[in-house]
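Take a look at the structure below.
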Number of protein chains: 2
Amino acid sequence: MDANTPAALNRKLSAFVALSEAELGVLDRLQHRRRRFAAGHDLVQQGQAPKSVYLLTSGWVCSYKVQADGTRQIVDFQVAGDFLGLRSLLLRTSDHSFEPVVDSYAAEVSAGDLLAAFGEAPRLAIAMLWAASRDEAMVVEHLVGVGRRDADARMAHFLLELGSRLALVGLGDGDGYDCPLTQTHLADALGLTAIHVNRTLRRLRERGLMTFRDGRVQFEDRQGLVTLAGFDPAYLDQTGPLLA
Amino acid sequence: MDANTPAALNRKLSAFVALSEAELGVLDRLQHRRRRFAAGHDLVQQGQAPKSVYLLTSGWVCSYKVQADGTRQIVDFQVAGDFLGLRSLLLRTSDHSFEPVVDSYAAEVSAGDLLAAFGEAPRLAIAMLWAASRDEAMVVEHLVGVGRRDADARMAHFLLELGSRLALVGLGDGDGYDCPLTQTHLADALGLTAIHVNRTLRRLRERGLMTFRDGRVQFEDRQGLVTLAGFDPAYLDQTGPLLA
DNA sequence: CGTCGATTTGACTAAGATCAATTTAGGTGG
DNA sequence: CCACCTAAATTGATCTTAGTCAAATCGACG
């Protein structure tokens, strides 16, 4: 799908710790067992206990929880370089489900292989822990948005964060990025209805801040968006860990 | 404050993996450097880079983020047996602040001591990772509540979860528990206003489901609350990990 | 007794949800 | 190539939940 994405994880972790050739080699070998996931077909059911982690190499996946009344909350989106199901390895019951938003490719890594790789390259473990912590910080920021930002700021913040994440793995730049999400995905992520998402996007467009059309997010006034959203990317911290 | 709370962490982890005498000893030795935190005085400022973790032995603390406009979102509450600032050890910038809700006591553990303890008792590391994963699952569930539950269900779910957590460390039981939170705390946690929290508690009381008065949460109709909230404690999983 | 914070209640407003259509764009079969 | 089907996007009208503004009550504490 995109030639440079197999290296997305390398690129992401390298932005954080300088990994040696040997460590990058271990990382590459982990990503041998490739699997394809077709858009719309769920990956893991809520309540199952998986024994593998997936490293997404290309595509988009969302992780979500559904409630008894059928409403769903999307917790996070995963793009190239992101992990799927890391937490589920530790908790006996997987606490949410995964839906590929578009056809996606991921490397399947067994818990055993992962532990072996950590033994071989301990700094890899640190780097992955950093990535996991960063993911958790994003969930926290997501909670802040849903709890304390109005629809416009919430949308702006969400799309800015996504832009930063994608730029880190070489997809898109400061001006915008390609984004296959539907307004329903946005609604389920932001705790809004699809209808309100539509009106929110219209407002942002009419204010000259950004457009989202034909699968493309385009920032027209990035600074204006940042101000509206109160976006402070400190929580995406790319400057390295304390333990290194 | 409460005689049995110093053992809260032991009790919590033991509910999950059977720890040996030796492992429990390592755990106890970690908790020697006690510190007191006075109610209302913040522990760590957003943006600082701490080099220690705290293990709360008694009291209540909340972790939160404040936004530029002054609104705040409480991400989680910590009670006896919970960690403070574990994630901040990995991300260079601490991504939120801590406020002791009441006078609290915590053991300060340096990153070095923690790593040493893991070397001595590797199963302790697994158990603590489990606890960290569980904390993250709680944040996810919190996000689901704020995003997709109305005020009544959100409140009911929150108070039920808190009850389960407290029962695990021996504070309170299935009927209720002592809770020092103000309605403002609840509002900042649930993404509501304090006024609406007040009305929400009144509705729950009038429906005969529960009361919250004079620092005491009392379940009157636990099953009714569980149904209203759609509370499924699977994400609090106490049945053990895959890696053990 | 007076002050301050927390709780409680009422009246009103507003952000976002719900209900109901219509339009648009891809894909499919004939 | 075109009629048809479906999912997504768009818009209007109306309703509901929760927020805002204002004020009274209550309790702890100096």
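Numbered from 1 within each chain, the chains take letters A, B, ... in sequence-line order.
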With respect to the side chain of [X], which nucleotide from [options] is positioned closest?
X: B/I195; options: C/dG16, C/dT9, D/dA9; value: C/dT9
X: A/L192; options: D/dA8, C/dT7, C/dG16; value: C/dG16
X: B/T182; options: C/dG16, C/dT8, C/dA6; value: C/dA6
X: B/R199; options: C/dA17, C/dG10, C/dG16; value: C/dG10
X: B/A151; options: C/dT7, D/dA18, C/dT9; value: D/dA18

Item to complete: Return the orientation label for the A/H157 and A/Y235 ring planes: parallel under 30°, perpendicular over 60°, tilted otherwise.
Response: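 Answer is parallel, since the angle falls under 30°.
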In this structure, how many angstroms lie between the [atom2] atom of [N] and the [atom1] atom of [X], rounded?
X: A/R202; N: D/dG12; atom1: CZ; atom2: C1'; result: 10 Å
X: B/R203; N: C/dT7; atom1: CZ; atom2: P; result: 17 Å
X: B/R213; N: C/dT7; atom1: CZ; atom2: P; result: 13 Å
X: B/E206; N: C/dT8; atom1: CD; atom2: P; result: 11 Å
X: A/D69; N: C/dA17; atom1: CG; atom2: C1'; result: 14 Å
X: B/D214; N: D/dA28; atom1: CG; atom2: C1'; result: 13 Å
X: B/L181; N: C/dA6; atom1: CG; atom2: P; result: 12 Å
X: A/H196; N: C/dC19; atom1: NE2; atom2: P; result: 17 Å

Worksheet entry | Pair B/E136 + B/R87, salt bridge at N-O below 4.0 Å | no
Discussion item. Looking at A/R199 and A/E206, is any side-chain nitrogen of the basic one under 4.0 Å from a carboxylate oxygen of the acidic one?
Written reply: no
Worksheet item: Quick one: does B/Q78's side chain get under 4.5 Å of B/Y54's, heavy atoms only?
Response: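 With C-beta onward as the side chain, the pair stays apart.
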Fill in: B/L181 side chain near B/L162 side chain, heavy-atom distance below 4.5 Å
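B/L181 vs B/L162: side chains touch.
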Item to complete: Between A/R205 and B/T200, name the one whose nearest nucleotide on DNA chain D is closer to the 5' end.
Response: A/R205
Worksheet item: Which sits closer to the 5' end of DNA chain D, A/R148 or A/F212, going by the nucleotide each is nearest to?
Response: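 Looking at the nearest nucleotide for each, A/F212 comes out on the 5' side.
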Worksheet item: Between D/dA7 and A/Q183, is there an OP1 or OP2 to side-chain N/O distance shorter than 4.0 Å?
Response: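 Negative; the distance criterion is not met.
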Worksheet item: Are A/N198 and D/dT10 close enough that a side-chain N or O sits under 4.0 Å from OP1 or OP2?
Response: yes
Practice prompt. Select base, sugar-phosphate, or nothing to describe what B/G191 touches, counting heavy atoms under 4.0 Å on all strands.
Written response: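 Sugar-phosphate contact only.
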